[in-house]
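The analysis underlying the following values was restricted to heavy atoms, covering all of them including side chains, and did not include hydrogens, waters or symmetry mates. Only a predicted model underlies this, so the values are computations on that prediction, with no experimental measurement involved.
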Amino acid sequence: MRKFTTADFSTKKAAEQALLDILNPLKPFYSESGARVHIGNTSTHYENDTIPMETFARPLWGLVPFWAGGGSDHVFEELYRRGLEAGADPSHPDYWHTCRDYDQKFCEMAAIAFGMLFCPEKVWEPLSEQGKEHLTQWLWEINRHECCACNWQFFSIITNVALYKAGRPYDKKRLEEGLNCIDAYYDAGGWYKDGNGGDKDYYNPFVMVTYGIVYARFMEKEDPVRAKRFLDRALAFGKDYIYWFSEDGSSFAYGRSMTYRFAQAVYFSMCVLCDVEVFPLPVLKGILVRHLTHWLNQPIWDNADILTIGYAYPNLQMSESYNAPGSPYWAMKAFMFLGTDQDHPFWKAECAPLPALEEKKYLEHAGMVIQRGKENVVALIPGRQQADGHSHTVEKYSKFAYSSKFGFSIMRSNLTLAECAPDSTLVFEVYGYFFVKDVIEPQFTVSEEKLVFSWTPIKGIHVTTTIKPTKTGHVRTHEITSDVDCRAYDCGFALSSDDRQPFCTAEEGGSSYMENQDGYCRVQAVKGGGTGQILIPDPNTNLMHAKTRIPMAAYEIRRGTQTIQTQVDYL
């Protein structure tokens, strides 16, 4: 993939070309009918037959705003006209088939529905009458089956809104039920839980807040009270969410679905498209341009310039069971701003820096403390109270700190410390295995001054952890009650140890230190008699860097109760 610069997003024409440069490499992989796109052979928990349909649908998140804003690409327009006709036709070999409860295709229906709403002249009107009927019947499948009780409720909502706006039958009861679910997931301050008991993570900007803006745009007359409520929530959310972004355009890696990468910016892009004035346009443009430039220059492409599963580089290790070869193209949501016309003031605006933000910010409704350093945003998080069935959620939600610069690491196994790769957590070595923090107990506190929470890594060991932010990082104090003698390792961030770039490490007494051109991390045993050590984890365990080392403090834990304290510096 070519190198991208801020100039690629300074004008509408340049930004449209950037979008096409990302999507054009897909063209050779469309089936003859256009309805299926095959770009890989890895699988998912859902049907293999659905995978090429997903890859067909997800580029629409970029193509629809491109078309809606006046862009044109005859090849893509023809591919999607024919593909929609064929994919929804039960008699065609490339038919997408009927659905089942909790079908992955419900997620992809939202992309088609989005096109019907924002750009019917490309996605709906070119279809034959029979094609429109077939697509209506196929989209209606979402009303015949159960949808996951989480952000997926918005897929049903947007699909029914699209059918309604197209003058087709829609399920009013199902629409209302979905809206009631979304309201039930709402907490406060603009933040939703991703389902009852779900996490507050990137699914807020990916779906919950963003689709609320879409609903408000198209249903304001029919449902003015709820439309206003969605917009009020979106405005409140943005005041917090901007704290997740660094001056260099990145935001911190946290939670599941990190392979959607620059979809992290979809909220700001949707604000531009739908004129939600959460920040002045120069600020929004600056965030979007820096974010896209940051991401598009990462080695996230294969040798055919196809987006890969992974984060800052191709990495199946960190993927979820629902990540198919085409899944990363959900990232195209970041290009919503292309739906504005040539005369929109967004295109005349100069990129502005982030507004003045506090160096330390307690985001009460997100349940975290944000620290802002030089091109590094760190979130201190107590963890979660409820486990779920997604892959590697222990690592994705339960570490002490998450960074925009250093990312986080994924465990390969708990058989060795190198395979465990326990960055930003406290890991116990018991009976030859390694155990880390997962869920926390219901009673916990988060404030600007400290986070306090209790947890049990394995039966017989109980920990109460207090994390206090400092000017240069944070201090962790762990009160440990153990039924067995064991070892514990309190770990800092994982930093790149790419041998092609300079880096240095040091172990001295109770301290360990690592520094490279990206930054540094020092871990110091303050109380408990710890020893500074540098861990070399297995390659490809970290989201940001394929080779890393982790500074840590190692402690001997004796039967009974004791306190250890570790200072971690990085800002």
For the student: nearest non-hydrogen atoms of Glu395 and Tyr402, plus distance: O-OH, 2.9 Å
Aromatic plane relationship, Tyr30 with Tyr80 - under 30° parallel, 30 to 60° tilted, over 60° perpendicular: perpendicular
Short side-chain to backbone donor-acceptor contact, His145 and Cys99, under 3.5 Å: yes
Pair Asp275, His344: side-chain N/O donor-acceptor within cut-off below 3.5 Å: yes
Within residues 157-187 or reaching into it, pairs that qualify as ring pair (Phe, Tyr, Trp, His ring centres under 6.0 Å) - sequence neighbours excluded: Tyr164-Tyr170, Tyr186-Tyr192
Sidechain-backbone polar pair: Arg100 side chain, Glu146 backbone, donor-acceptor under 3.5 Å: no
Distance-only polar pair, side chains of Tyr215 and Glu220, donor-acceptor under 3.5 Å: no
Test item: Ser269 side-chain N/O and Val266 main-chain N/O as donor-acceptor pair under 3.5 Å: no
Any donor-acceptor N/O pair, Asp305 side chain to Ile22 backbone, under 3.5 Å: no
Main-chain N/O of Val64 paired with Lys122 side-chain donor or acceptor, under 3.5 Å: no
Arg36 versus Thr55, side-chain donor and acceptor atoms under 3.5 Å: no
Between Asp194 and Asn151: side-chain donor-acceptor atoms closer than 3.5 Å: yes
Donor-acceptor pair between Gln104 and Thr44 side chains, under 3.5 angstrom: no
Main-chain N/O of Gly310 paired to Thr308 side chain as donor or acceptor, under 3.5 Å: no
Pair Asn48-Ser43, side-chain donor/acceptor within less than 3.5 Å: yes
Nearest non-hydrogen partners of Ser327 and Ala324, listed with the distance: OG-N, 2.7 Å
Asp199/Lys396 ion pair, N-O < 4.0 Å: no
Test item: Ser128 side-chain N/O and Gly131 main-chain N/O as donor-acceptor pair under 3.5 Å: yes
